[in-house]
Number of protein chains: 2
Amino acid sequence: MKFDKSLLSGSTQLLVLSIVAQEDAYGYEIITKLAEKSEHAFEMKEGTLYPVLHSLEKDGYLTAYEQETAGGRKRRYYHVTDKGLKELAAQKEQWNAFAAGVGRVLGEGSPA
Amino acid sequence: MKFDKSLLSGSTQLLVLSIVAQEDAYGYEIITKLAEKSEHAFEMKEGTLYPVLHSLEKDGYLTAYEQETAGGRKRRYYHVTDKGLKELAAQKEQWNAFAAGVGRVLGEGSPA
DNA sequence: AGGAAATACATTGAACATCGAGGTATATAT
DNA sequence: ATATATACCTCGATGTTCAATGTATTTCCT
């Protein structure tokens, strides 16, 4: 496929970038928000999220800073960079093209 | 994720099932049709398709029969079974839920 | 006060999917 | 004759995700 790595699995990146772009967020929070917003269609696992977060940071799409709660709990917040916003836009486009393609393949012959 | 294997990568199965369900087809033809119908959003590789075809057949979603062209070229046609049609319906539902979920995550905050 | 559950971070090994490259063979076009 | 398209297939490398596991703190319940 043309999209596979940059979409099928890249949908993870897309989702994470999208959440963080809306508001700075920390790991645990991202998982929660994803579940909420998708109405539990997604339930991303920590083992999936953290490596993605690290690679997004390494690639310069996100920056991280630590902050303590009133309670004293440390959280690692992520913030999207300009580069990250551009990447997000690109991945959104890719997703739309992919989804439209699937729709076209499924639609003809027996419109759901 | 909840869907990953049954959707992200399972989108391959969905796509193939959908093509064959519309009309019996052989391997090479499936790749061509997928490219056409999706307006080149997908370009499935043979190394991806044939293993999928074999596993769909093994699982009873497809049956195969051989046929020769006027030219004398042998083709292995695939036909969808009742079980395959049910699976297709199920995977379509999954896809729709997934796509809707992504849409919801992307949509809020900055409606494209 | 004590214990369970939720919060919050992270890593590792196994499983799985896809691709790229390679292989075989026939038909058609140049 | 030779190159390209058709048509099937396999294998190894790569990359992604998950389940399991680990640590530590905070909050809730009894």
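In the text below, chain A, chain B and the rest are named by the order of the sequence lines, each starting its count at 1. Atoms considered below: every heavy atom in the structure, side chains included; atoms not considered: hydrogens, waters and symmetry mates. None of these values were measured; they are calculated from a predicted model.
Look at Thr48(A) and you won't find any side-chain N or O under 4.0 angstrom from OP1 or OP2 of dT16(D).
Rounded to whole angstrom, the span from the CG atom of Leu49(B) across to the C1' atom of dT18(C) amounts to 12 Å. Rounded to an integer number of Å, the gap from CD of Glu57(A) to C1' of dA10(C) is 14 Å. Taking atom NZ on Lys33(A) and atom P on dT7(C), their separation rounds to 15 Å, with Å as the unit. Rounded to whole Å, the distance from CG on Leu56(B) to C1' on dA17(C) is 14 Å. Taking atom NZ of residue Lys45(B) and atom C1' of nucleotide dG12(D), one finds them 17 Å apart after rounding to whole Å. Computed from coordinates, the Leu34(B) CG to dT18(C) C1' distance equals 14 Å when rounded to whole Å. For the pair Glu68(A) CD and dT26(D) C1', the computed distance is 13 Å after rounding to whole Å. For Leu15(A) and dT17(D), the CG to C1' distance is 14 Å, given to the nearest whole Å.
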- For nucleotides 2-9 of chain D, read 5' to 3', which letter fits each nucleotide if B means a protein heavy atom sits under 4.0 Å from the base, S means only the sugar-phosphate is that close, and - means neither? ----BBBB
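Checked against Leu17(B) for a side chain to side chain contact (heavy atoms under 4.5 Å, CB included), the options Val52(B), Thr12(B), Val80(B) give a single hit: Val80(B).
Taking the side-chain contact (heavy atoms from CB on, under 4.5 Å) definition, one finds that Ser55(B) meets it with Gln13(B), sequence neighbours left out.
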Side-chain donor-acceptor distances from residues 65-75 of chain A under 3.5 Å, at least two apart:
unit_1, atom_1, unit_2, atom_2, d
Tyr65(A), OH, Asp24(A), OD2, 2.7
Thr69(A), OG1, Arg73(A), O, 2.9
Arg75(A), NE, Tyr26(A), OH, 3.4
Arg75(A), NH1, Tyr77(A), OH, 3.4
Arg75(A), NH2, Tyr26(A), OH, 3.2

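The nearest pair of heavy atoms linking Ala21(B) to Leu88(B) is CB-CD2, 3.6 Å.
Neither Tyr28(A) nor Val20(A) shares a network with the other; the hydrophobic side chains, linked directly or stepwise wherever heavy atoms of I, L, V, M, F, W or Y lie under 4.5 Å apart, form separate groups for each.
For the pair Glu29(A)/Glu23(A), no side-chain contact is recorded, criterion being any heavy-atom separation below 4.5 Å from C-beta on.
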